[in-house]
Amino acid sequence: MSINVVDLSIELCARASVTPEDKGCQEVVSHLLKEQGFKCQTLQYNEVTNLWATHGQGAPFLLFLGHTDVVPAGELSFWDSPPFEPQIRNNHLYARGIADMKGCVAASTLSAIDYVKNNPNHPGTIAMLLTSDEEGPAMDGVQRVVNDFIKPQKIAVDYCVVTEPTCAEKLGDTLKIGRRGSLGATLSIRGIQGHVAYPHLAENPVFKSLNFLQALRDEHWDNGNEDFDASTLQISNLNSGVGAENVIPPDISIQFNVRYGTASTVQNIQSRVLDLLKQNGIAEKDFSLSWKNSALPYLSQRESVLVKNCIQAIENVCQKQPKVSTSGGTSDGRFIATLTHPDTQKPVEVIEFGPLNKTIHQNNECLNIDDLASLQKVYTEILGLIYK
Ligand SMILES: [Zn+2]
């Protein structure tokens, strides 16, 4: 029995799979894939469920990458219909996770099934990887599958289509060919605690850090390049004080994050932060600094096979040429982008394409149901062009 993309989306969205829960979504998908001859394997790591499915063998090897977890619904009274009771109004399907990204999971699943049905002897491998830990810490999801499953078995992935929502105003307007890196820092600057009435006996760490913080704000990291916007830094947390109004605090803690492209390197950013500390009078003994690079930037070349074919597929279905972009936050594509082909050492080509991202993570998250059908067509078209 065949199911259409709207019905499958509804079935998935009715499951309240708030990260790291999957709530049986992957079982629904694997059931459909198995009926069409896909080999399916569940990879359970702690509380995270991952589905690995393949059809065919050898090259070319294209992987659809997605997730079945969603962010919490938030305040229920802000929703016009319950977030986990999908409802169609004005040609839109409303539900938590429909755009990010259960509608995309439904579309890619059905496109793979359709393609295999019509081309039972296709060359190469069509694969699908779903995780229930994209919105959460992302430790036991795609990162773990890459390190504990794909790499040890030397699985040779050529192309990866991440089915995240990428479009802004109209389906087909944006194709992501890479993402910026994300470098986080936790910094603690020490002063000397004391009574506010006896400042000569103390050293206020807030005042001590002001020049440095200003320098951090004003620093020009790079000019960006053809592929990436200029790198940017934001302070996300700033804490000081013991709670009493008559105490000069002992220290200040500052968290900041740099989103960077290929015009800067991690080493480069780190050494400049150290220079800024020094130039602004913060001695080495007075601070501690730790770094966490949670994503390296990655980029698929505009002339690469996957990018060219995806642009063609989008043009064929949506009648418009997509803008290629590397903007936005990180995605699970960063983990797949660390893979190289075991024989040729060629890096995997990774792109992201999906529907409008206007309402993701918001209340009343929704997707146009015609877009859902077109999205399925784009994914099918990509398969047709890659496996022709
Ligand atoms: Zn997502």
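As the structure lists them, so they are numbered: ligands from 1, and atoms in each ligand from 1.
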Next item on the list: May I ask you to decide if the ring planes of Tyr379 and Phe353 are parallel, tilted or perpendicular, using 30° and 60° as cut-offs?
Entry: perpendicular
According to the interplanar angle, ranging from 0 to 90°, do the rings of Tyr94 and His92 count as parallel (below 30°), tilted (30 to 60°) or perpendicular (above 60°)?
tilted
Contacts of Tyr298 meeting side-chain hydrogen bond (donor to acceptor under 3.5 Å, both in side chains) (sequence neighbours excluded), chain-then-number -> Glu352
* Asked: Does any N or O in the side chain of Arg334 come within less than 3.5 Å of the main-chain N or O of Gln143, such that one atom is a donor and the other an acceptor?
  ->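 Looks like no, no N/O pair under 3.5 Å.
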(message) Can you see whether Asp22 engages Ser132 through a side-chain donor-acceptor pair at a distance of less than 3.5 angstrom?
(response)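 Asp22 vs Ser132: no donor-acceptor pair found between side chains.
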Next item on the list: Would you please say whether a donor-acceptor pair under 3.5 Å links the side chains of Asn293 and Tyr260?
Entry: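 Present: a donor and an acceptor within the cut-off.
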Within the 2.8 Å cut-off the protein N, O or S neighbours of the Zn ion (ligand 1) are His67 NE2, Asp100 OD1, Glu164 OE1, Glu164 OE2
